[in-house]
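Model, not experiment: these values are computed from the prediction. In what follows, every heavy atom counts, from backbone to side chain, and hydrogens, waters and symmetry copies are set aside.
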Amino acid sequence: MSLRLIYGRSGTGKSSYMYQEIKNRINKEKKIYIITPEQFSFTAERKLMDSIGTGSVINTEVLTFGRMAYRVIRRDWWRST
């Protein structure tokens, strides 16, 4: 698993690049996570579906920062019990 950060100024094509990369890698990767602020999660999910062009995406998930933190805490809690 790797972490990939895509950053740059507004309007430079970061989102288009990201969704194109996901489309290219969706069948090769085990799991792909898109981490986004809460207010952009629905938009990110909609753009993901539009860019992939299928009715469902199984191995790609949009997570908000809060949901990701919850999963990390829950996973650590489970390992300690």
Side-chain angles (χ1 to χ4, degrees):
M1 181 190 306
S2 65
L3 173 66
R4 193 165 187 190
L5 300 176
I6 302 169
Y7 61 94
R9 286 192 237 170
S10 178
T12 58
K14 297 178 300 295
S15 295
S16 300
Y17 174 78
M18 178 186 69
Y19 291 116
Q20 185 61 42
E21 282 292 303
I22 290 171
K23 185 176 181 178
N24 293 340
R25 295 172 180 253
I26 197 158
N27 294 322
K28 300 172 192 167
E29 301 290 330
K30 238 182 196 179
K31 191 75 172 172
I32 299 172
Y33 295 101
I34 301 170
I35 304 167
T36 185
E38 187 78 35
Q39 65 268 28
F40 298 123
S41 63
F42 178 75
T43 304
E45 288 176 349
R46 191 177 68 221
K47 286 184 178 180
L48 175 64
M49 296 305 238
D50 291 344
S51 66
I52 302 302
T54 63
S56 65
V57 180
I58 301 215
N59 60 343
T60 303
E61 186 174 354
V62 176
L63 289 174
T64 63
F65 291 108
R67 187 69 179 159
M68 182 182 67
Y70 174 78
R71 284 190 179 182
V72 168
I73 290 168
R74 187 171 177 202
R75 175 178 270 172
D76 286 343
W77 174 80
W78 170 331
R79 286 183 183 167
S80 64
T81 58

Using 0.5 Å steps for rounding, measure from the [atom1] atom of [X] to the [atom2] atom of [Y].
{"X": "Arg71", "Y": "Leu63", "atom1": "CZ", "atom2": "CG", "value": "5.0 Å"}
{"X": "Tyr19", "Y": "Ile52", "atom1": "OH", "atom2": "CD1", "value": "9.5 Å"}
{"X": "Met68", "Y": "Ile73", "atom1": "CE", "atom2": "CD1", "value": "10.5 Å"}
{"X": "Arg25", "Y": "Arg4", "atom1": "CZ", "atom2": "CZ", "value": "5.0 Å"}
{"X": "Glu61", "Y": "Ile34", "atom1": "CD", "atom2": "CD1", "value": "10.0 Å"}
{"X": "Leu48", "Y": "Arg46", "atom1": "CG", "atom2": "CZ", "value": "12.0 Å"}

With the 4.5 Å side-chain cut-off for hydrophobic clustering, are [X] and [Y] part of the same group?
{"X": "Tyr17", "Y": "Ile32", "answer": "yes"}
{"X": "Met49", "Y": "Phe42", "answer": "no"}
{"X": "Phe40", "Y": "Phe65", "answer": "no"}

Just by distance, do the side chain of Ser16 and the backbone of Gly13 share a donor-acceptor pair under 3.5 Å?
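Not a single qualifying donor-acceptor pair exists.
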Closest contact, heavy atoms only, Thr36 versus Ser41:
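Scanning both residues, the minimum pair turns out to be CG2-CA, 3.7 Å.
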